[in-house]
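Proteins get letters first, then strands, A, B, ... in listed order; numbering begins at 1 in each. These numbers come from a predicted model, not from an experiment.
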There are 2 protein chains.
Amino acid sequence: MPKQTFFNLDEDKRDTLIDALKKEFSRVNVHEASISNIVKQARIPRGSFYQYFDDKEDAFLYVLESYGRVNKAWLMTYLEETQGDLFETSTRLFRRLLESYSSTDHYQLFRHAFLNMNHKIEQAFTSDKLKDDLQQNMEELVQYIDGSQLMIETKEELFHLLKIIKAVTFHNAIEVFVHQLSIDEACQQYQLELTMLKRGLLKKES
Amino acid sequence: MPKQTFFNLDEDKRDTLIDALKKEFSRVNVHEASISNIVKQARIPRGSFYQYFDDKEDAFLYVLESYGRVNKAWLMTYLEETQGDLFETSTRLFRRLLESYSSTDHYQLFRHAFLNMNHKIEQAFTSDKLKDDLQQNMEELVQYIDGSQLMIETKEELFHLLKIIKAVTFHNAIEVFVHQLSIDEACQQYQLELTMLKRGLLKKES
DNA sequence: CACCAAAATGACACAGTGTCATTTCAATAC
DNA sequence: GTATTGAAATGACACTGTGTCATTTTGGTG
């Protein structure tokens, strides 16, 4: 966490600094990023940097955090917007996620943020806090889903369904961010895979 | 890639060096690892290190590579052993994967290798080389699966099924490696999720 | 034994981090 | 208007670690 001094900074100066951070962390990864570049860009003396942050890592995490909030928001939206068709919602949000990450100057950083997100969401998913949140939303959610044609009955199962969807989401997103798959293609694949999930793989006795 | 000099080294010396690399890269992550430590441990002069490797990264990738082969092997085994029940096979191999990664002195390194594996396998999955391999194995595989009770008919679908399984595998493995979930619990979850996938989520008209 | 290429060696230049003694600033008291 | 004081700013510098390179050693060959 940045030090109090950082938050005491007047807005202009802080913004300049944040911009410099984003620029440098977008240019290269954390370890190649140089504090010297940052302070040069932000036009602050070297010592000041350490007045604001513990170290490079600290600054990086701070910047990352701001994108982390996007993810949190995404997850929340996900839970809130999930009405009607769970799968349709997923596909829509998947596209939105990809597009929001793509339409930015700081692609590197976003990419990083995204890869990092896995850990974050993973944490969220395993943290007691979110489990509680889930528990609370569960009742409602289960209503929706029970109302549709899905075979989800217990909270346990819903939890695992979300986990599977998340896994598929993540892996398709990786293909976009790491392997340059086009968003359209990714969405198409994603949809296909969700359909398979929905339909299941066992042959119905006919 | 290490330089030729490295491969010319007599076995003893090379092994000592490799041990030193593993030790250092197990202790901390690549960026915290220090070449000074490595050469001290391996009792070679600093300059020699650069005779063998371009830099730290190069040495790291070399060591990682050796574990990478485990993954490749896993993937191959996966494709070969997949007979009878695809899902049963997956569960068995999932456990084997976790256990092989856990039972080692170089846990850090393994963890790293594993997280890295995602990229690797991802590459493999999107590389033309493996796609060709898959194409070749597909015909056979489709026979097996067609023979069982699964609704997989086209190569496309099989490809996506493998992708989904991989995604679920990876995410459960993460819970073990990053979030310290026990292997038994992970396997249990994994099995449950595969069952959901198999069964599908749409209510059958009854 | 002379010669040569490949490999070994370690001193050193260089880059980048984090510290710290000192200075500046701004708010409050008198 | 001036003194006081704590927070913040500043940049020189010590320190750590990387990669280079001129020099030495080694082992093989004519």
Task: Check: B:Ala33 main-chain N/O paired with B:Lys56 side-chain donor or acceptor under 3.5 Å - done: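 Looks like yes, one N/O pair under 3.5 Å.
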
Task: Short side-chain to backbone donor-acceptor contact, B:Asp58 and B:Met1, under 3.5 Å - done: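 Between the backbone of B:Met1 and the side chain of B:Asp58 there is a qualifying donor-acceptor contact (under 3.5 Å).
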
In whole Å, I'd like the distance from the [atom1] atom of [X] to the [atom2] atom of [N].
X: B:Asp10; N: C:dA7; atom1: CG; atom2: P; result: 13 Å
X: A:Phe60; N: C:dT17; atom1: CZ; atom2: P; result: 15 Å
X: A:Glu32; N: C:dA15; atom1: CD; atom2: C1'; result: 14 Å
X: A:Glu57; N: C:dG18; atom1: CD; atom2: C1'; result: 15 Å

Task: Salt bridge present between A:Arg27 and A:Glu24 (N-O < 4.0 angstrom) - done: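 Yes, A:Arg27 and A:Glu24 are salt-bridged.
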
- [ ] For the pair A:Glu157 and B:Arg199, find out whether any cationic side-chain nitrogen is under 4.0 Å from an anionic carboxylate oxygen.
- [x]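 Yes, A:Glu157 and B:Arg199 are salt-bridged.
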
Open item on the list: So A:Tyr190 and A:Ile165, do their side chains get closer than 4.5 Å, heavy atoms only?
Closed with: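 The answer is yes, as the side chains (C-beta and beyond) meet within the 4.5 Å cut-off.
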
Open item on the list: Checking A:Asn172 against B:Lys163 for the side-chain hydrogen bond (donor to acceptor under 3.5 Å, both in side chains) test, could you report, in this order, the C-alpha distance in whole Å, the side-chain angles of both residues, the deciding distance, and whether it holds?
Closed with: CA-CA 9 Å; A:Asn172 276 293; B:Lys163 245 185 78 187; 2.8 Å; yes

Task: Residues in side chain to side chain contact (heavy atoms under 4.5 Å, CB included) contact with B:Arg46, at least two apart in sequence or another chain - done: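 Only B:Ile35, B:Ser36, B:Tyr50 meet the side chain to side chain contact (heavy atoms under 4.5 Å, CB included) criterion with B:Arg46.
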
- [ ] Using a 4.0 Å cut-off on protein heavy atoms (strictly under), produce a 5'-to-3' string for nucleotides 7-22 of chain D with B for base contact, S for backbone-only sugar-phosphate contact, and - for none.
- [x] -SBBB------BBB--

Close N or O pairs between protein and nucleotides 24-27 of chain C (under 3.5 Å):
none

- [ ] Take A:Tyr52 and A:Phe7 through the ring pair (Phe, Tyr, Trp, His ring centres under 6.0 Å) test and state the conclusion after the steps.
- [x] CA-CA 8 Å; A:Tyr52 308 141; A:Phe7 297 108; over 10 Å; no

